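Structure first, then comments.
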Amino acid sequence: MKEFKRHLVTTALPYANGPVHIGHLAGVYVPADIYVRYLRLRGRDVVFIGGSDEHGVPITIKARQAGVSPQEIVDRYHALIKDSFERFGISFDIYSRTTSKIHHQTASNFFKTLYDNGKFVEKETEQYYDAEAHQFLADRYITGTCPHCGNERAYGDQCEQCGTSLNATDLINPKSTLSGSVPVLRATKHWYLPLDQYEPFLRDWILEGHKEWKSNVYGQCKSWLDLGLQPRAVTRDLDWGVPVPIKGAEGKVLYVWFDAPIGYISNTKELLPDTWEDYWKSDDCSMVHFIGKDNIVFHCIIFPAMLKAEGSFILPQNVPANEFLNLENDKISTSRNWAVWLHEYLDDFPGKEDVLRYTLTANAPETKDNNFTWKDFQDRNNNELVAIYGNFVNRALVLTQKYFDGIVPKIADLTDYDKETLAEIALIRANVENSLENFRFREGLKETMNLARLGNKYLADTEPWKLIKTDEARVKTILNVALQLAANMALLSEPFLPFSSARLKEMLHLPEIAWECIGNSDLLTSGHMLGEPFLLFEKIEDEDIEKQLKRLADTKVANEKNSFKASPAKSDISYDEFSTMDIRVGTVLEAAKVPKTDKLMKLLIDTGIDKRTIVSGIAAYFTPEELVGKQVCVLVNLAPRKLKGIDSQGMILLAEDADGKLVFVTPDQAVMNGVVVK
RNA sequence: GGCGAGGUAGCUCAGCUGGUUAGAGCGCAUGAUUCAUAAUCAUGAGGUCGGCGGUUCAAUCCCGCCUCUCGCUACCA
């Protein structure tokens, strides 16, 4: 592995419309912080960049809902996020934000450079425009009736009732959420980054040049490249963001995914106004992006293409993306409040920052999605941190206190076993280093704990509490060795457990010692006065865990209550309008799954009028066998539509339950096919 | 459906380019021990390495098919 002069470590910018939860921590911030702390301890030149992502449509919507300005929203969450990271010991060199002046300038200049060098393609498309509010509407600003489930409050990008993703133009009766007026389609011009042109470069750089990347990252990139890249719009019609810095682009801003990664550059600039280019534009700097798997394509495909287009920046050396963390066997979800929020954890478990850091690292989703449970959190604290690490330290200190008044005793003679034990430290250190250099944090942590295990074994084998009656000189040697192990543990565990490391150093009255000294057996000199022993970790009781579990159970109950709300009645219609719908009872004659789809079923229906083909999205809930012979209600005068190449002539009526399950609306006695439903 | 990642002991995970009896931590059982927050130490039980085929002298590791989980994507009148 090439030795770099400088290191630039970035973490995904959390979106400033909500607080940070354990999923963010486990996937991005904890591993990044371990890596950075390690590099610093090795004396490497490293900058650690973080910040809030504060632009984009969801923030403007949240602001509108709360009746405040977008700035107020981002101010609130930026402050909350920044503060909780700080309390949790994520050791950013800077945690800034994309609404900063310097970011606006940087992003603006970046765009301008690409524009001036002809790196963009201009395209005109038709988008909804609100004539009353005098602006184009992002998909999220348009509501209307979902063509699938009839929800009248579906958004232009997605219906939140049935989960379908939509195009704004799909909506029935579209309405602008700004003015309530009916939007009109109008042409608008945007700039696109022609990603397709960068395909050969990306292919060579990633697929040939970075085979060492994690398999999930490499595989995802390969998948994208093999599918073929499309030009992507880098601008939007919106009034919240970085204005597009060219003439004729008034009212347009940079699309949020274009401006956000530039935030890494801006924040470095803010931190190091004079020397930032040493990190961003010098081949002897290694840049590493810590992200979650949802961000792979942005950091491995799009941002590198942007950097390449600009021309003067380096590309990331690695992008160690993690998978996702689940919570108590369920997906973490901000909207469902299914999460452990960092700021709440810090309040509920004061002084236990390292317990969460430990649990999240030991169980990090490095290779696949993992599950966080409070029981596991308690077990790892009680059985590992307390029983192995804390206990060993406590034993060494308490024995020294008891026998030698807390003064590091002098070594008489080292036995072979003593020497072997001490020699083990350097081996463990090498293993930890190797793990961390290769982004294997789980493994590094386990290795670190092996040092404490070694200490416990050493004490059990040498039994100083027995020897004290017969051979005080030997006990002095034993405790000296044990204390050296404890001191080494204080140093070795620092990247992972910085708070405990500091407390242990304090307990040992250990001065600042270089990482390279780990493995030495004279970190504490004889005659050195130790501090008062206190407990490094405390047990976590069942009631603490039960409190957290109850909170989650309450959330679940609340979610179930909220999940089903009968949608409000639609506006009145006349009988004539109703009677235009021709609904008949029909019988299913044949049913077969449509190949190459998950949900579509092709049905042949005897409507009494004729026999016709209808395609319906019910394959997930019914088998063909149970459908044949069934009587159903059919809207027969719905305009035909092609689905997967099959002409669908009508619609089967179904009721969708709160959990999405579909149920037929069917006559409760057999009737003739073709009978009218009214 | 397409693509990607994953399916290894009760739980969480290792297993690097195929090679002797498949490993670790936690949990469990038994024994030892009492300096220590009943904390530790030793020993042990426990796996048809998702299923079926194939390549090979030899496959957890390579190839094909199937199946389950997660993600991206298509589809839902």
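Chain letters run A, B, ... following the sequence lines, proteins first and then strands; every chain starts at 1. None of the values given here were measured: they were computed from a predicted structure.
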Should [X] and [Y] count as an ion pair when the cut-off is N to O under 4.0 Å?
X: A:Lys293; Y: A:Asp369; result: yes
X: A:Arg429; Y: A:Glu433; result: yes
X: A:Asp582; Y: A:Arg584; result: yes

Mind checking the [atom1] distance from [N] to [M]? Whole angstroms is fine.
N: B:C49; M: B:G53; atom1: P; result: 13 Å
N: B:U12; M: B:G18; atom1: C1'; result: 27 Å
N: B:C65; M: B:A58; atom1: P; result: 23 Å
N: B:G6; M: B:A14; atom1: P; result: 10 Å
N: B:A9; M: B:A45; atom1: C1'; result: 11 Å
N: B:C52; M: B:U60; atom1: P; result: 12 Å
N: B:C16; M: B:C57; atom1: C1'; result: 24 Å
N: B:G64; M: B:G47; atom1: C1'; result: 26 Å

Give one of base, sugar-phosphate or nothing for [X], where a contact means two heavy atoms less than 4.0 Å apart.
X: A:Phe537; result: base
X: A:Lys457; result: sugar-phosphate
X: A:Lys402; result: sugar-phosphate
X: A:Arg453; result: sugar-phosphate
X: A:Leu399; result: base
X: A:Glu463; result: nothing
X: A:Ile388; result: sugar-phosphate
X: A:Val297; result: nothing

How many whole angstroms separate atom [atom1] of [X] from atom [atom2] of [N]?
X: A:Leu467; N: B:U33; atom1: CG; atom2: C1'; answer: 14 Å
X: A:Phe534; N: B:A39; atom1: CZ; atom2: P; answer: 21 Å
X: A:Asp379; N: B:G25; atom1: CG; atom2: P; answer: 16 Å
X: A:Asn322; N: B:G4; atom1: CG; atom2: P; answer: 21 Å
X: A:Glu384; N: B:U40; atom1: CD; atom2: P; answer: 10 Å
X: A:Asn381; N: B:G25; atom1: CG; atom2: C1'; answer: 16 Å
X: A:Asn382; N: B:G25; atom1: CG; atom2: C1'; answer: 16 Å
X: A:Glu443; N: B:G25; atom1: CD; atom2: P; answer: 14 Å

Of A:Glu366 and A:Leu536, the one whose nearest nucleotide on RNA chain B sits closer to the 5' end is A:Glu366
Note: for A:Asn391 and A:Asn363 on RNA chain B, the residue whose nearest nucleotide lies more 5' is A:Asn363
With the side chain defined as heavy atoms from C-beta on, A:Lys331 is closest, among B:U12, B:A36, B:G71, to B:G71
TODO: Return yes if a side-chain donor-acceptor contact under 3.5 Å exists between A:Glu323 and A:Asn216, otherwise no.
DONE: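 There is such a pair between these side chains.
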Q) Judged by modelled atom types alone, do A:Lys214 and A:Asn322 share a side-chain donor-acceptor pair under 3.5 Å? A) yes
Open item on the list: Run the side-chain hydrogen bond (donor to acceptor under 3.5 Å, both in side chains) test on A:Glu212 and A:Asn438 for me, step by step, so that the C-alpha distance in whole Å, both residues' side-chain angles and the decisive distance to 0.1 Å come before the verdict.
Closed with: CA-CA 10 Å; A:Glu212 82 284 7; A:Asn438 290 295; over 6 Å; no
Does a side-chain N or O from [X] land closer than 4.0 Å to OP1 or OP2 of [N], or not?
X: A:Asn383; N: B:G27; value: yes
X: A:Arg442; N: B:A14; value: yes
X: A:Ser223; N: B:U73; value: no
X: A:Lys293; N: B:G4; value: no
X: A:Thr367; N: B:G7; value: no
X: A:Lys446; N: B:A14; value: no

When both hydrogen-bonding distances must be under 3.5 Å and the geometry is Watson-Crick or G-U wobble, what is [N] paired with, if anything?
N: B:G46; value: none
N: B:A39; value: none
N: B:G10; value: B:C26

Between A:Asp471 and A:Arg474, is there a donor-acceptor pair closer than 3.5 Å when you use the side chain of the first and the backbone of the second?
-> yes
Does A:Ala412 offer a backbone N or O that forms a donor-acceptor pair with the side chain of A:Thr477 under 3.5 Å?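 A pair under 3.5 Å: yes.
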